[in-house]
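Notes for the one structure printed next.
Scope of the values below: all heavy atoms of this structure, side chains included, with no hydrogens, waters or symmetry mates.
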Amino acid sequence: MKPPTDSYTAPDSLAGIRAGIGRCLERADDVDRLALSAPEVSAWSVQDHLEHLLFSDRNVLDWVVAALARPNPETREQFPHEFGVALLARGSIPRGRGPAPDFTLPEGLASADVRAGFEALRALTADIEPRGAQLDACRLTLPHHVLGHFTPAEWLRFLHLHHRHHEAIIRDILAA
């Protein structure tokens with residue numbers, strides 16, 4: 001299924017990701033609250049959610065950099081599933097719907113490693129930022145394990161929504 005005409009741009013999404021990374025860095029600095037959990041909200045602790053975001057972001061942003069270095073095809077061959085298109089258009093990720101891929105599962109990193117990882121991602125997003133037009137024009141795709149194939153711009157939109165999704169869960173854990 002072809003995605004609708006996007007009302008968001010890769011630079012918009014990248015700004016949202018950068019803000020999300022900033023919030024993750026703030027959370028990583030609050031070492032006393034990293035281990036907090038609320039089983040009625042999530043099976044994961046605050047740190048587990050941060051690690052998941054770190055691993056997800058790193059995987060996607062590394063692919064985005066690699067995709068921009070490859071020749072851009074004339075046409076797009078693969079598309080998101082209907083649910084993937086709807087999720088990007090809706091602008092939010094429902095809770096408890098999709099399992100996290102194994103490579104994004106929390107590993108129990110030291111809090112300093114979580115912080116260092118997000119610092120590296122902040123630097124990577126700063127390097128990508130001037131390439132907004134390339135990001136929006138790139139037709140290469142990488143599959144999401146549930147939602148189908150996303151272009152770099154769609155992946156950035158997803159990461160932005162993914163940050164907002166996990167930040168809401170973290171806020172609920174801290175409020176419980």
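Here the side chains of His163 and Ile21 are in contact, with some heavy-atom distance below 4.5 Å. A heavy-atom distance below 4.5 Å is not found between the side chains of His144 and Pro80. Residues Leu140 and Pro73 form a side-chain contact, since some pair of their non-hydrogen atoms from C-beta on lies under 4.5 Å apart. Considering only heavy atoms from C-beta on, Pro152 stays 4.5 Å or farther from Asp136 through its side chain. In this structure, the side chains of Ile173 and Ser42 come closer than 4.5 Å at one or more pairs of heavy atoms. Residues His81 and Val85 fail the side-chain proximity criterion, which asks for heavy atoms closer than 4.5 Å.
Cluster annotation: Phe83 and Ile93 are assigned to the same hydrophobic cluster (Ile/Leu/Val/Met/Phe/Trp/Tyr, side-chain heavy-atom contacts under 4.5 Å, transitive).
In terms of heavy atoms, Phe118 sits closest to Leu50 at CZ-O, 3.3 Å. Residues Ile17 and Leu156 share a closest heavy-atom pair of CD1-O, 3.4 Å. When all heavy atoms are compared, the tightest approach of Pro99 to Val146 is CD-CG2, 4.5 Å. The shortest heavy-atom contact between Leu121 and Leu61 is CD2-CD1, 3.9 Å. Counting all heavy atoms, side chain and backbone alike, Pro106 lies closest to Phe55 at CA-CE1, 4.2 Å. The shortest heavy-atom contact between Gly117 and Leu54 is C-CD1, 3.4 Å.
Remark: Val65 pairs with Leu124, Ile128 by the side chain to side chain contact (heavy atoms under 4.5 Å, CB included) rule, at least two apart or across chains. Not counting sequence neighbours, the partners of Leu142 by the side chain to side chain contact (heavy atoms under 4.5 Å, CB included) test are Trp63, Trp155. Applying the side chain to side chain donor-acceptor pair (under 3.5 Å) criterion to Ser92, with sequence neighbours excluded, gives Arg90. Legend: residues meeting side chain to side chain donor-acceptor pair (under 3.5 Å) with Thr125, ordered by chain and number and at least two apart, are Arg18. Residues meeting the side chain to side chain donor-acceptor pair (under 3.5 Å) test with His160, sequence neighbours left out: none. Applying the ring-ring contact (aromatic ring centres under 6.0 Å, His included) rule to His166 yields the partners His49, His52, His162; only residues at least two apart in sequence or on another chain are considered. For the side chain to side chain contact (heavy atoms under 4.5 Å, CB included) test, residues two or more places apart in sequence or in another chain that qualify with Pro143 are His149. The side chain to side chain donor-acceptor pair (under 3.5 Å) search around Arg122 returns Glu119, not counting sequence neighbours. The side chain to side chain contact (heavy atoms under 4.5 Å, CB included) search around Arg131 returns Leu68, Gln134, not counting sequence neighbours.
Separation of atoms OG1 (Thr9) and CG (Leu135) is listed at 9.5 Å; rounding is to 0.5 Å. Atom OG of Ser45 sits about 8.5 Å away from atom CG of Leu36, to the nearest 0.5 Å. To the nearest 0.5 Å, atoms CG (Leu147) and CD (Glu82) are separated by 12.5 Å. Taking CG of Asp102 as the start and NE2 of His145 as the end, the distance is 9.5 Å to the nearest 0.5 Å.
Other members of the cluster containing Leu105 are Trp44, with ILVMFWY side chains joined at under 4.5 Å, either directly or via other members.
Applying the 6.0 Å contact sphere to CG of Asp127 captures more than 12 heavy atoms from other residues, nucleotides or ligands.
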Exercise for the section: Go through the steps to decide whether Asn59 and Thr104 satisfy the test side chain to side chain contact (heavy atoms under 4.5 Å, CB included), and finish with yes or no. Expected result: CA-CA 9 Å; Asn59 181 65; Thr104 69; 5.8 Å; no
Exercise for the section: Apply the test side chain to side chain contact (heavy atoms under 4.5 Å, CB included) to residues Leu53 and Leu159: give CA-CA distance (whole Å), side-chain angles for both, the deciding distance (0.1 Å), then the verdict. Expected result: CA-CA 9 Å; Leu53 286 168; Leu159 286 183; over 6 Å; no
Handout entry: Steps toward side chain to side chain contact (heavy atoms under 4.5 Å, CB included) verdict (Cys138, Thr151)
Key = CA-CA 7 Å; Cys138 186; Thr151 64; 5.8 Å; no
Practice task
Go through the steps to decide whether Thr141 and Phe150 satisfy the test side chain to side chain contact (heavy atoms under 4.5 Å, CB included), and finish with yes or no.
Solution key: CA-CA 5 Å; Thr141 62; Phe150 289 158; over 6 Å; no
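Counting only residues at least two apart or in different chains, salt bridge (Lys or Arg N to Asp or Glu O under 4.0 Å) contacts with residues 35-56 are absent. Sorted by first and then second residue, the side-chain hydrogen bond (donor to acceptor under 3.5 Å, both in side chains) pairs involving residues 24-35 (not counting sequence neighbours) are Arg27-Glu167, Asp29-Arg115.
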